Every structure is written in structure tokens, then in C-alpha cells.
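See structure below.
This is a predicted model, so every value here is computed, not measured.
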Amino acid sequence: MAEDIVDVKIGVTDTGRELLVSSASSPEEIKDKVAAALKDLTGTLALEDDKGRLVLVPSAKIAYVEIAAADARRVGFAV
């Protein structure tokens, strides 16, 4: 297995949907970025997904963040 992928769910205030970002960063790195963003509510949380895209969320709009190992996705008919 090349890299461990981490799924990050971000709840955004005033919307019924959540953002899902799959990242190659470690859970500790993501936790540190979230903590830093929440210290300054005028700032922005910036996360890079596993395809190199950048996701930006205004700190004041973050309702919650859930960090978990990505589910292994099976392909094919094998059990």
C-alpha cells in the first residue's frame, strides 16, 4: 500500500451538507491545521486532498471536523 489516506469531514455552519476531503496527510497534521485555524476565527482552514486540490474553509464557518482512516474500498467480486 502506497500511502494511508485519511478522510476528513467538515461541517459548515448555515448549510445542511458537509465537506469530505480525502487527504494523504497524517491525522496529527490535519488536527494541528484545524486547531491553528480555530485559534483565529478570521483565518482559513486549508487542506490539500489526495489529488492535489486545495480546499479552503473560513474558520468562522467550521461547525465540526471529523478525522478518520479512509475505508478500504474493494473492487470486484472477491470476498
Side-chain angles (χ1 to χ4, degrees):
M1 189 168 175
E3 296 179 351
D4 291 333
I5 300 296
V6 175
D7 283 340
V8 182
K9 287 184 187 178
I10 304 169
V12 181
T13 59
D14 302 324
T15 184
R17 299 186 65 162
E18 58 192 13
L19 299 174
L20 178 60
V21 180
S22 295
S23 177
S25 298
S26 74
E28 292 79 23
E29 290 174 320
I30 295 169
K31 179 183 167 192
D32 291 343
K33 288 182 180 183
V34 170
L38 292 177
K39 284 182 183 176
D40 178 15
L41 293 181
T42 62
T44 303
L45 172 62
L47 296 176
E48 186 174 329
D49 74 1
D50 58 342
K51 294 183 174 130
R53 295 177 291 208
L54 191 60
V55 177
L56 302 170
V57 181
S59 299
K61 293 292 185 177
I62 297 172
Y64 64 89
V65 177
E66 180 182 312
I67 304 168
D71 294 334
R73 293 173 177 89
R74 290 192 241 171
V75 178
F77 297 101
V79 184

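At a cut-off of 3.5 Å, with distance as the only test, no side-chain donor of D50 or S23 sits close to an acceptor on the other residue.
Every side-chain contact (heavy atoms from CB on, under 4.5 Å) that L38 has, sequence neighbours left out, goes to V34, I62. Checked against side-chain contact (heavy atoms from CB on, under 4.5 Å), E66 has the following partners two or more places apart in sequence or in another chain: K9.
Residue L54 belongs to a hydrophobic cluster whose other members are L56, with links defined by side-chain heavy atoms closer than 4.5 Å.
I30 and L45 fall within the same hydrophobic cluster, where Ile, Leu, Val, Met, Phe, Trp and Tyr residues are linked whenever their side-chain heavy atoms come under 4.5 Å apart, directly or through other members. Following chains of ILVMFWY side-chain contacts shorter than 4.5 Å, one can reach V12 starting from I67, so the two form part of one hydrophobic cluster.
The minimum heavy-atom distance linking S59 with A37 is given by the pair OG-O, 2.8 Å. A60 approaches T13 most closely through the heavy-atom pair O-OG1, 4.3 Å.
Residue pairs meeting the salt bridge (Lys or Arg N to Asp or Glu O under 4.0 Å) criterion with at least one partner in residues 52-62, sequence neighbours excluded, are D14-K61, D49-R53. Sorted by first then second residue, the side chain to side chain donor-acceptor pair (under 3.5 Å) pairs that include residues 31-40, not counting sequence neighbours, are D40-T42.
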